[in-house]
Colleague: 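Before I ask anything, let me first share the structure, which is written out below as structure tokens.
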Amino acid sequence: MLKEKYGDKLVFWGGGVDTQRMLPYGTPEEVAAQVKERIDILSKGGGYVFNTIHNIVGDTPAENIWAAFKAAHEYNAEHFG
């Protein structure tokens, strides 16, 4: 995995949620779960900036966008204070 191989040399930016499938078509609960899972993987040891890699498509429910950023905020509060 890239994080394991290069995590101490690079900052990983993005990849916080799949904007092509999960964000527009998942439930808010599924979106939140994916966000927390990805942050958990990519933030170990530092060097991660939560963001989407691609633009959010126009038909994405606002509830899913809220769920993604709320999940990131909750993860940070739980793990980093």
Side-chain angles (χ1 to χ4, degrees):
M1 173 179 212
L2 289 174
K3 178 66 178 181
E4 292 170 355
K5 187 171 183 180
Y6 300 108
D8 62 338
K9 297 171 181 59
L10 299 172
V11 170
F12 287 82
W13 181 285
V17 66
D18 174 358
T19 58
Q20 303 300 302
R21 287 181 222 92
M22 180 59 74
L23 195 58
Y25 304 116
T27 66
E29 295 78 19
E30 291 170 330
V31 169
Q34 186 179 77
V35 166
K36 289 181 178 183
E37 175 187 42
R38 290 188 174 189
I39 293 174
D40 194 49
I41 293 167
L42 294 168
S43 68
K44 284 191 171 100
Y48 178 64
V49 176
F50 175 80
N51 198 8
T52 61
I53 292 178
H54 300 288
N55 294 331
I56 297 172
V57 294
D59 61 348
T60 300
E63 296 82 8
N64 287 6
I65 297 168
W66 174 249
F69 288 98
K70 183 179 177 196
H73 179 74
E74 288 172 355
Y75 186 95
N76 284 335
E78 291 170 15
H79 292 87
F80 304 111

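Excluded from the calculations below are hydrogen atoms, water molecules and symmetry mates; all remaining heavy atoms, backbone and side chain alike, are included.
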Colleague: Looking at Asp59, I want to see if its CG is surrounded by more than 12 non-hydrogen atoms of other residues, nucleotides or ligands under 6.0 Å.
Modeller: yes

Colleague: Using the rule side-chain contact (heavy atoms from CB on, under 4.5 Å), only one of Thr52, Val17, Thr60, Val31 pairs with Ile65; which is it?
Modeller: Thr60

Colleague: Could you report the tightest heavy-atom contact between Val35 and Ala71, atom names first, then the distance?
Modeller: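 Closest pair (atom of Val35, atom of Ala71, distance): CG1-CB, 3.9 Å.
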
Colleague: Restricting to non-hydrogen atoms, name the atom on Asp18 and the atom on Arg38 that form the minimum distance, rounded to 0.1 Å.
Modeller: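 The pair with the smallest heavy-atom distance is N-NH1, 3.5 Å.
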
Colleague: When hydrophobic residues are tied together by side-chain contacts of less than 4.5 Å, even through go-betweens, does Val49 share a cluster with Ile39?
Modeller: no

Colleague: Are Val11 and Leu42 co-members of a hydrophobic cluster defined by side-chain heavy atoms under 4.5 Å apart?
Modeller: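 Cluster IDs for Leu42 and Val11 differ.
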
Colleague: Which heavy-atom pair separates Pro28 from Ala67 by the least distance, and what is that distance?
Modeller: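 What the structure gives for the nearest pair is O-CB, 3.5 Å.
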
Colleague: Return the minimal non-hydrogen interatomic distance between Tyr48 and Gly15, and the atom names on each side.
Modeller: OH-C, 3.9 Å

Colleague: Tell me which pairs pass side-chain hydrogen bond (donor to acceptor under 3.5 Å, both in side chains) where either residue lies in residues 62-81, with sequence neighbours left out.
Modeller: Lys36-Glu74, Asp40-Tyr75

Colleague: Taking all atoms of both residues into account, what is the closest heavy-atom pair of Glu30 and Thr27, and its distance?
Modeller: OE1-N, 2.8 Å

Colleague: What pair of heavy atoms forms the shortest contact from Val57 to Gln20, and how long is it?
Modeller: CG1-NE2, 4.4 Å

